[in-house]
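Just follow the structure's listing: the first ligand is 1, and inside any ligand the first atom is 1.
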Amino acid sequence: MNNFQFKNPTKILFGKGQIANINQELHPNQKILLLYGGGSIKKNGVYDQVMQALKGYNITEFSGIEANPRYETCLKAINLVKKESIEFILAVGGGSVIDAAKFIAAGVYIETDPWMILSDRAKVKQALPIGTVLTLPATASEMNGNAVITRDATKEKLAFGSPHVYPQFSVLDPETTLSLPARQIANGVVDAFSHVIEQYLTYPADAPLQDRMAEGILLTLIEEGPKTYADPKDYTSRANIMWACTMALNGVIGVGVPQDWATHRIGHELTALFEIDHARTLAIVMPGIFQHKSEQKKHKLLQYASRIWNITEGSEEEIIHQAVDKTIAFFESLGIKTKLKDYDVNPEAINEIAERLAKRNGEIGLGEHQDIHQQDVVKILEYAL
Ligand code: NZQ
Ligand code: ZN
C-alpha cells in the first residue's frame with residue numbers, strides 16, 4: 001500500500017427529517033446564500049423544508065444553476081456574494097449545485113479571473129464555508145473537495161480540487177430523492193460505479209481492504225440500483241444507493257492505491273461538446289478502457305470478473321471479455337446506452353476529442369500509468385462505435 005494522509009471534515013446528517021436540523025449547523029446572524037438549480041426543490045418540498053428550518057435566518061437566494069454548472073452563471077453568483085457580503089453558502093440540489101457552490105466559495109477570493117482555478121493558474125488558498133442538502137445521489141460532491149465547471153464560451157469542462165471546499169456538513173435525506181426521474185437515478189448509479197472502478201481497477205497495490213470496500217460498493221450498486229430504478233417509492237433502496245454513492249468518492253476507498261481517471265477525463269469532453277449526461281459519457285468510455293488496457297489491468301480485471309460477476313470459467317481473455325459484457329449489460333439494464341451512435345455522435349468526433357485532450361495534457365498521458373495518449377483515446381472511443 002502507498003503512503004497517504006487522509007482527512008475528510010464533512011459532517012453527515014443522514015436520514016428522514018434531517019433537514020430540520022440544519023439550523024444547528026448555522027449561526028442565526030450569518031449571511032447565508034441559498035444556492036439551487038432549475039426549481040426541482042420547489043416542486044418536491046425540499047425548498048419549503050429548508051426555509052422552515054431557517055426561519056428568521058438572513059437568507060439571500062440564487063437559483064438557476066444548470067446541470068453541468070456554467071462558469072458564466074457562477075460569476076453572477078460571485079458578484080452577488082460580494083455585493084451582499086455573504087458569509088456561508090448553502091447548496092441545495094445535486095452535484096451541479098454543490099460543485100457550483102464550491103467554485104463560487106473559492107472564486108470570491110480570486111482577485112483576477114476565477115477561471116484560473118480551473119486552468120491551474122491559481123491555487124485555492126481560502127473559500128467561504130459551504131453546507132449542502134443533497135437531492136441526487138451520484139457525485140459524492142457532498143463529501144469531497146472536488147468540483148467540475150463548464151465554460152460555455154470555449155466548451156471546456158474542467159475540474160479542480162481543494163481541501164478548502166469540503167462542505168462543513170451535508171444532509172442526506174433519501175426522501176428528497178423520491179422525486180427523481182428514473183433517468184437521474186440511473187445516472188447516479190452509473191456515475192458512482194465508475195468512481196469506484198477508477199479507484200479500484202488499476203493494478204494490485206497490496207491493499208485488500210480498499211479492494212474489498214470498493215467491491216462492497218460495486219455489489220451494493222448492482223443489487224440496489226435496479227430496485228430503486230424500478231420503484232421510485234422504495235425508501236430503503238434509495239437510502240442504500242445514497243450512502244453507496246457518497247462512499248464511492250469521499251476519499252476512503254482511494255487512499256494508498258493507484259487511480260485511473262481516464263474514463264472521466266474523456267467523458268468530460270463528450271459532455272462539453274455534445275451535452276451528454278455525465279454518467280452516460282462514462283458508460284460510453286469505460287468498456288473501451290477495459291479492452292484497450294486489458295493487458296495492464298489484467299490482474300484487477302480478473303479479480304473484478306470473479307468477485308463481482310462470478311465469472312471464473314474460460315481463458316483469461318474470455319473471462320475479461322465476459323466481464324466487459326456484464327458491465328455493459330448492467331448499464332443497459334438501467335436504460336443507459338453505451339455506444340456513440342446512441343447519442344448521435346459521429347465517428348469523426350473521435351479525433352477531435354483525442355486532439356482536445358492531447359492539447360490540454362501536453363506530454364502527460366491519462367490513466368494510472370499516464371500512458372493514454374492521443375492515439376489511445378482514439379482506440380478507446382472506437383470500441384464505442
Ligand atoms: O436543477 P434542478 O431543477 O434541481 O434539477 C436537477 C437537474 O436537472 C435534477 N434534480 C436534482 N435533484 C432532483 C432533481 N429532480 C427531481 N428531484 C430531485 N430530487 O436532476 C438534474 C441533474 O442534476 P445534476 O446536479 O446536474 O446531477 P448530478 O448530481 O449527476 O451532477 C452532475 C455534475 O457533477 C459533476 C458532473 O461532471 C456534472 O457536472 N461531477 C462532480 C463530481 C465531484 N464534485 O466530485 C464528480 C463526478 O464525477 C462528476 O464529474
Ligand atoms: Zn463522475
Side-chain angles (χ1 to χ4, degrees), residues 10 19 35-47 49 62-71 73-74 91-103 118 130 132-151 156-162 165-167 170-199 228 232 238 241-242 245-246 248-251 254 259 261-272 275-283 285-286 336:
T10 304
I19 293 174
L35 191 75
Y36 56 99
S40 68
I41 65 163
K42 291 224 164 147
K43 290 190 204 126
N44 62 12
V46 171
Y47 174 88
Q49 287 184 61
F62 187 97
S63 64
I65 299 294
E66 309 85 350
N68 306 309
R70 299 306 199 270
Y71 161 75
T73 308
C74 292
V92 184
S96 293
V97 174
I98 299 172
D99 283 6
K102 292 173 179 176
F103 181 61
L118 292 147
I130 299 167
T132 89
V133 175
L134 179 69
T135 64
L136 196 172
T139 62
S141 189
E142 67 279 6
M143 200 179 179
N144 69 35
N146 308 324
V148 193
I149 303 293
T150 298
R151 188 170 188 162
E156 283 175 291
K157 186 174 185 192
L158 299 178
F160 80 96
S162 164
V165 298
Y166 274 82
S170 283
V171 174
L172 276 63
D173 176 350
E175 280 195 322
T176 66
T177 74
L178 296 176
S179 58
L180 278 167
R183 163 179 160 174
Q184 295 299 346
I185 283 288
N187 282 351
V189 170
V190 171
D191 190 20
F193 195 92
S194 181
H195 296 157
V196 177
I197 289 289
E198 286 171 276
Q199 297 165 90
T228 191
R238 291 216 170 196
I241 286 295
M242 203 166 204
C245 289
T246 300
L249 196 51
N250 65 1
Q259 303 193 9
W261 289 98
T263 302
H264 267 69
R265 294 291 300 282
I266 302 170
H268 286 336
E269 298 298 325
L270 280 165
T271 302
E275 281 279 338
I276 302 170
D277 288 357
H278 170 62
R280 285 159 206 257
T281 68
L282 308 173
V285 179
M286 193 194 300
I336 296 207

Handout entry: Which segment of K43 sits under 4.0 Å of ligand 1 when only heavy atoms are counted
Key = neither
Practice task
Can you confirm whether something in the protein, heavy atoms only, sits under 4.0 Å from atom 14 (C) of ligand 1?
Solution key: yes
Handout entry: Contacting atoms of ligand 1, where contact means under 4.0 angstrom from a heavy atom of H268
Key = 37 (O), 50 (O)
Problem - ligand 1 contacted by N187 (non-hydrogen, < 4.0 Å) - result: no
Practice task
Would you tell me which option among G94, A248, S96 has the nearest heavy-atom contact to atom 31 (O) of ligand 1?
Solution key: S96
Exercise for the section: State whether a side-chain donor-acceptor pair under 3.5 Å links E142 with T246. Expected result: yes
Problem - From CA spacing to verdict: side-chain hydrogen bond (donor to acceptor under 3.5 Å, both in side chains), K43, S179 - result: CA-CA 9 Å; K43 290 190 204 126; S179 58; over 6 Å; no
Practice task
Pick one of side chain, backbone, both or neither for how K157 approaches ligand 1, counting any non-hydrogen atom pair under 4.0 Å.
Solution key: side chain
Exercise for the section: Would you mind reporting whether F62 and T73 have side-chain heavy atoms less than 4.5 Å apart? Expected result: yes
Problem - Numbering as shown, the atoms of ligand 1 that approach Q184 to under 4.0 Å (heavy-atom distance) - result: 20 (O), 21 (C), 22 (C)
Exercise for the section: Compute the shortest N/O to N/O distance between S40 and ligand 1 and return yes if it is under 3.5 Å, no if not. Expected result: yes
Practice task
Verify whether one side chain among T135 and T176 offers a donor that lies under 3.5 Å from an acceptor in the other.
Solution key: no
Problem - Geometric N/O contact P181 with ligand 1, under 3.5 angstrom - result: no
Practice task
Could you tell me whether the side chain of L180 reaches within less than 4.5 Å of the side chain of P137, counting heavy atoms only?
Solution key: yes
Handout entry: atom 11 (C) of ligand 1: nearest protein contact (heavy atom, Å)
Key = T135 OG1, 3.6 Å
Exercise for the section: Starting from atom 49 (C) of ligand 1, locate the nearest protein heavy atom and write down its residue, its atom name and how far away it is, to 0.1 Å. Expected result: H278 NE2, 3.3 Å
Problem - Under-4.0 Å heavy-atom contact between protein and atom 8 (O) of ligand 1 - result: no
Completion exercise
Restricting to heavy atoms, the pick from D99, T139, V165, N68 nearest atom 44 (N) of ligand 1 would be D99
Practice task
Any atoms of ligand 1 less than 4.0 Å from a non-hydrogen atom of G37? List them with their elements.
Solution key: 1 (O)
Exercise for the section: Indicate yes or no: at least one non-hydrogen side-chain atom of I197 is less than 4.5 angstrom from one of T263. Expected result: no
Practice task
For Q259 and G254, indicate whether the former's side chain and the latter's backbone hold a donor-acceptor pair under 3.5 Å.
Solution key: yes
Practice task
Considering the heavy atoms of A67, write down every atom of ligand 1 situated less than 4.0 Å from one of them.
Solution key: 26 (O)
Exercise for the section: Please confirm whether A138 comes within less than 3.5 Å of ligand 1 when only nitrogen or oxygen atoms on both sides are compared. Expected result: no
Exercise for the section: Please check if the side chain of S63 supplies one atom and the backbone of Y36 the other of a donor-acceptor pair under 3.5 Å. Expected result: no
Exercise for the section: Please confirm whether the backbone N or O of T228 pairs with a side-chain atom of R238, one donor and one acceptor, at under 3.5 Å? Expected result: yes
Exercise for the section: Have a look at the Zn ion (ligand 2) and estimate, to 10 degrees, the angle subtended by NE2 (H195) and NE2 (H278). Expected result: 170°
Practice task
Considering heavy atoms of the protein only, find what lies nearest to atom 1 (O) of ligand 1 and give residue, atom and distance to 0.1 Å.
Solution key: G38 N, 2.7 Å
Exercise for the section: Between P69 and ligand 1, find which residue part has any heavy-atom pair under 4.0 Å and reply side chain, backbone, both or neither. Expected result: side chain
Practice task
Within a distance under 4.0 Å of any heavy atom of H195, pick out the atoms of ligand 1 and give their elements.
Solution key: 46 (C), 47 (C), 48 (O)
Handout entry: Atoms in ligand 1 flagged as close to N44, the criterion being non-hydrogen separation under 4.0 Å
Key = 17 (N), 18 (C), 19 (N)
Problem - atom 23 (O) of ligand 1 - nearest protein heavy atom and its distance - result: L136 CD1, 3.4 Å
Completion exercise
Residue, atom and distance of the protein heavy atom nearest atom 28 (P) of ligand 1 read G95 N, 3.7 Å
Practice task
Identify, by atom number and element, the atoms of ligand 1 in contact range of D191, meaning under 4.0 Å from any of its heavy atoms.
Solution key: 47 (C), 48 (O)
Exercise for the section: May I ask you to decide if N68's main-chain N or O and R70's side chain share a donor-acceptor pair within less than 3.5 Å? Expected result: yes
Handout entry: Nitrogen or oxygen of K102 less than 3.5 angstrom from that of ligand 1
Key = no
Problem - Validation row: H268, E156 side chains within 4.5 angstrom (heavy atoms) - result: no
Practice task
Just to the nearest 10 degrees, tell me the angle at the Zn ion (ligand 2) spanned by H264 NE2 and D191 OD1.
Solution key: 120°
Problem - Any donor-acceptor pair under 3.5 Å from D173 side chain to E175 backbone - result: yes
Problem - Heavy-atom side-chain contact between R151 and L118 under 4.5 Å - result: no
Fill in the blank from the handout: Note: ligand 1 atoms sitting under 4.0 Å from heavy atoms of S179 are 16 (C), 17 (N), 18 (C), 19 (N)
Practice task
Verify, without hydrogens or angle tests, whether N144 (side chain) and L249 (backbone) share a donor-acceptor contact under 3.5 angstrom.
Solution key: yes
Exercise for the section: Please write down residue, atom name and distance for the protein heavy atom closest to atom 45 (O) of ligand 1. Expected result: N144 ND2, 3.0 Å
Exercise for the section: Would you please determine whether G39 falls within less than 4.0 Å of ligand 1 on a heavy-atom basis? Expected result: yes
Handout entry: Check: P167 main-chain N/O paired with T10 side-chain donor or acceptor under 3.5 Å
Key = yes
Practice task
Enter the distance from H264:NE2 to D191:CG here, rounded to the nearest 0.5 Å.
Solution key: 4.5 Å
Practice task
Answer yes or no: is there a donor N or O on one side and an acceptor on the other, between the side chain of K157 and the main chain of V148, under 3.5 Å?
Solution key: no
